[in-house]
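Accompanying notes for the structure given below.
Note that ligands are numbered from 1 as they come in the structure, with each ligand's atoms numbered from 1 the same way.
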Amino acid sequence: MSDIVITNATLLDPRDATLRSGQQIRIEGQKIVEVAGSVGVAQGATRIDAGGRVVMPGLIDAHVHAMAYVNNQVTLANTAPYLVAAHASKILADYLRRGFTTVRDSGGADAALADATRLNLFPGPRLFVPGLALAVTGGLGDFRVRTEHDQGCPHCRSTRNISRVVDGVDAVRRAVREEIAAGAHQIKLMAGGGNSGKSSIYSPHFSLEEQRVAVQEAADFGTYVMAHCYGVDVIRRALQAGVRTIEHANLIDEDTARLVADKNAYVVPTLSTFEASIFYADQLGTPAHIVEQVKMMLRRGVEAVKICRDAGVKLGFGTDLEGVMHHYQLHEFKIRSAVETPAQTLHSATIVNAEIVRHEGKLGELIPGAFADILIVDGNPLEDIGVFQEDGSGIRVTIKDGYLHKREI
Ligand code: ZN
Ligand code: ZN
């Protein structure tokens, strides 16, 4: 990997939503080493003249399911592991094409997939993975049919599905240890019901004791818990247990949002999945009452972003797409624009998400010491997030981890 120098750059700083023209960036290996009006250029370095274009940090999506190549959980569970990985490689390449140089998986992706993109075996973002999400019997993430009791072949567990079923404090403790031993970066709990599950969207899953032991075990191993939560009771129990990132939070109210802020926890809204679910309802055969519920969840989810901002909650950026819906990823910006400025949403997708994956100063901004995850784009995303197109045409250069993935300048 040769060193890279970018010249004639208009540097976008998402921290304070500013642009600085006439900048140069020097990259050595994986890292940015210098950002200034003029930087030294080593012999043999690759030179990229940005032509005055905006140069910005790569986007981060803090809630994806890279292994979910299909919307049907039973089909996913019965697909051979190599085929799942092959599908995932395409999904990951698409994330990168849309400008996402980092993603945090929320169930399904394991350390092997993270290694594959780190080693550039196929193009894709850097991955923070939970392995399998933990779910309770009968709850969201228990995709067994009523007559099925076992959980499948243990050797195929990594692609059995996006989740595994565990009940009881000891079983949760062991499952957390197993996922971490298998390389999980964070632990995911299905802490409440979902649209696709057998339980109500308002039902909390896992007892307080089960959640507490997950949080404690994760902390003992130096990591944290992210939890699927829609309703207020679900969010409150997760907060009480010490969960660090509340996923979705569509049904949050003002009091609960203040509690999230007091606990210094994060909310990661994922709105595009609801919009995509409505669009694909017919094709996927979604029952009418679920479609109505999803419409309500989208409306409440947009309101939730405003409620959280007003309460001072740290808001991340996620999408939560599966199967045919993955191409809706950039719609998240459009949906959030109803209640946020482009600069606010960009701040979530860079600075806040870098904190969420615990890489503040290393990801989400272009400063010396940070990983070289860089986009050169046409237009100014602080004013018009429309520069990000599904086909990636607005992105002229993509660098991830110091590796030049795309160069169209
Ligand atoms: Zn979820
Ligand atoms: Zn999810």
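Its N, O or S atom nearest to the Zn ion (ligand 2) is what matters here, and for His65 that atom is NE2.
In the model, Thr46 has a side-chain atom that pairs as donor or acceptor with a side-chain atom of Ser2 under 3.5 Å.
We find that Arg396 and Asp378 are joined by a salt bridge, their nearest charged nitrogen and carboxylate oxygen being less than 4.0 Å apart. Remark: Asp170 does not engage Arg174 in a salt bridge, criterion side-chain N to carboxylate O under 4.0 Å.
Protein N, O or S atom count below 2.8 Å of the Zn ion (ligand 1): the structure gives 2.
Arg104 has its side chain within reach of Val268: a pair of non-hydrogen atoms, C-beta onward, lies under 4.5 Å apart.
Within the structure, every pair that satisfies the salt bridge (charged side-chain N to carboxylate O under 4.0 Å, His left out) test and touches residues 12-21, not counting sequence neighbours, is listed here: Arg15-Glu365.
Listed for the Asp373 side chain is a donor-acceptor partner under 3.5 Å among the backbone atoms of Asp401.
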